[in-house]
Amino acid sequence: MVENVGGIEALLQEDRRFPPSDEFRNQANISDPNVYEEALRDPEGFWAKFAEELDWIKKWDTVLEWDPPHAKWFVGGKLNVSYNCIDRHLKSARRNKAAIIWEGEPGDRQVYTYRDLYREVCKFANGLKSLGVVKGDRVTIYLPMVPELPIAMLACARIGAAHSVIFGGFSAESIRDRIDDSQSKLLITADGGFRRGAIIPLKQNADDALVSPTPIENVVVVRRTESADDKMVAGRDIWWHDLVADQPMHCEPEPMDSEDMLYLLYTSGTTGKPKGIVHTTAGYLLGTYATAKWVFDLKEEDVYWCTADIGWVTGHSYIVYGPLANGATSVMYEGSPDYPDRDRFWAIVAKYGISIVYTAPTAIRTFMRWGEEYPQRHDLTSIRLLGSVGEPINPEAWMWYWKNIGLEKCPVVDTWWQTETGQILIAPLPGITTLRPGSATRPFPGIDAEVVDEAGNPVGPGGGGYLTIKKPWPGMLRTIYGDPDRYVEQYWSRYPDIYFTADGAKIDEDGNFWLLGRVDDVINVSAHRISTMEVESALVDNPKVAEAACIGRSDEIKGQAIVGFVTLKDNVTSSDEVIAELKRHVATKIGAMARPDDIYFTAELPKTRSGKIMRRLLRDVAEGRALGDTTTLADPAVVEALKQQYGDDE
Ligand code: 7RM
């Protein structure tokens, strides 16, 4: 069953249409609607033509080898991603253009031209080599949003080491699991990062993660907050500034095969164990390059700002690789949107004359709640295009964004994709597509998406079902690191040789896609992917807990909120203190973003006679709805009791 996560009633009534203005269409990077048909007729030809725009050390022999479910793109080709994102821009006036404009939360600021980026990436790449990192190694990066983060990623790409970036909000234990899984020999971190005026103790978390045994031999530490000067471990830790001080400022880019691993990025799935998503070199670079160019209509003069954290895939693809491959100016901001005041984002837009903003619906809904006065304090007329990503955007938020940030003149591109897809797969082309508030509109040219029912039959206009992708695409994941069977199982087994997204969707009469949210046990909290199983394991890890089940409850701001249903051990009594302790426990085990919003106590969990927890009924309770079908329950009294206690006060 496809759940109604996004609020389908609102979507069904949504009939506003926003065709591109002549002004926008006339300047757009792509405005010929025939591109869709041409690309679908010959997807490989379409991608190959785009690939000519990249810089190759050796051209490919074969565009695609498809041995379902394993794809190889641009087979036989050789190239280097860091060369494509930096060196090739140095041959023109772009060498002096800002590649990265960075602003720290305290208000400090740094600008790296493409030439600056070249120098810093080369120096750090040489530093990595001096520490014994070689092609094929994995390097874990646990950094706040500082320029050293993209520099470290590009330096890894330059020497052929795969990076594994861990979002700065993750706990020591999460870092440890990811390091063990990837067998990284080097960790790059910082003493701390600034968030809402406070310091996030990254070095402390890293140290806690590195209790032996660990594959990590060295730790490179960026000095950001001056909060760990006394915590450097002799023989293991080295300051970033010391490492690069005497390094040569040139470093030959390693020629990489198209299918060599570029990076690994862990994401939550339906089990308690995060999956290391593997992305490779040529296809991923092309996928992010092409979509950034067409969906964001990136131009030489743009100042582009994606507000995501680089610790998530959105930052990888659309702060670092896609924009830099296009030679664009990419803005990075370290901190919180309400520091020192709720107008910080709009102050940044005005300050740098930002022309493209890419953010998440949860942020937009937060801005809505804060009110229009904050954007109105600043001159936002430099903006010409807006983007949305991470979760379904409700039409109300879309309209607010369009009106108050876009000043009723900018296209809003709602972009659907996943860590696994690497690149945007469903989104408008702003010079062609008629926008519909709440819809990601159409698959990108060359992408063959379909909404199907349980049996795999296309549902047709108006019907709801599962979103699937029928043909391979360049930026797709290649496998799950160290677990090739899970790759096949997870994505390619529900429908043979067709990619299963685990998202529900609907197609309308015009062929627009309306995304409805996850259909598996992944919940989307403020556009962050969290597995209910991970939170459940963290809860039962607490000695007071006998059993736990988690669900995502619809939340006006966050999209979904985490609710944990907990059965305590016999000798433990429920109390507010226990609730606080359990929430804290989850935050320590996984990270603050996984902290449950509510903990409900229950003597028993509602289960089927075969012992399966019925999460659907827990969702009914948490959302204050009448209970759905309870006939398969072993003991209907359990859920009735829960409903009495928690069901109606929401
Ligand atoms: C890019 C990213 C992926 C999940 C995906 C969806 C949801 C993302 C949209 C969306 C509706 C969108 N990667 N999702 N974008 N749902 N409309 N435009 O978010 O791996 O972290 O999450 O996010 O459920 O499966 S992710």
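In listed order, ligands and their atoms are each counted from 1.
The part of N524 lying near ligand 1 is the side chain, judged by heavy-atom distances below 4.0 Å. With a 4.0 Å heavy-atom cut-off, ligand 1 is reached by no atom of A440. Contacts between T419 and ligand 1 below 4.0 angstrom, taking non-hydrogen atoms only, involve backbone and side chain alike. Proximity of I426 to ligand 1, defined as any heavy-atom pair under 4.0 Å, is not found for any part of the residue. Only the backbone of E391 comes within contact range of ligand 1, with a heavy atom under 4.0 Å; no side-chain atom does.
Polar contact with ligand 1: absent for T314 (N/O pair, distance under 3.5 Å). Considering both main-chain and side-chain atoms, R518 comes within under 3.5 Å of ligand 1 through a nitrogen or oxygen pair. Any N or O atom pair closer than 3.5 Å counts here, and E420 shares no such pair with ligand 1.
Distances shorter than 4.0 angstrom do not occur between any heavy atom of G517 and any atom of ligand 1. By the 4.0 Å heavy-atom criterion, W312 is excluded from the residues contacting ligand 1.
By the side-chain hydrogen bond (donor to acceptor under 3.5 Å, both in side chains) test, K409 is found to be paired with no residue, residues two or more places apart in sequence or in another chain being considered. For E420, the side-chain hydrogen bond (donor to acceptor under 3.5 Å, both in side chains) partners two or more places apart in sequence, or in a different chain, are Y491, R529.
A salt bridge links K589 with E173; the closest basic N to acidic carboxylate O contact falls under 4.0 Å. Using a cut-off of 4.0 Å between Lys/Arg side-chain N and Asp/Glu carboxylate O, R436 and D15 are scored as not salt-bridged.
Taking the six-membered ring for Trp, Y499 and W473 have ring centres closer than 6.0 Å. Y401 has its ring centre no less than 6.0 Å from the ring centre of W398. Aromatic rings of Y263 and Y284 (six-membered ring for Trp) have centroids within the 6.0 Å cut-off, being under it.
A donor-acceptor contact closer than 3.5 angstrom is absent between the side chains of Y266 and D177. Residues Y487 and W492 bring a donor and an acceptor atom of their side chains to less than 3.5 Å of each other.
Annotation for ligand 1: atoms under 4.0 Å from non-hydrogen atoms of T415 are 9 (C), 12 (C), 15 (N), 18 (N).
Protein heavy atom at the shortest distance from atom 1 (C) of ligand 1 is W417 CE2, 3.4 Å. Summary of contacts: the protein heavy atom closest to atom 22 (O) of ligand 1 is R529 CD, 3.3 Å.
The nearest non-hydrogen atom to atom 24 (O) of ligand 1, considering only D520, D503, I523, L515, comes from D503. Selection from G504, G390, P392 by nearest heavy atom to atom 8 (C) of ligand 1 gives G390.
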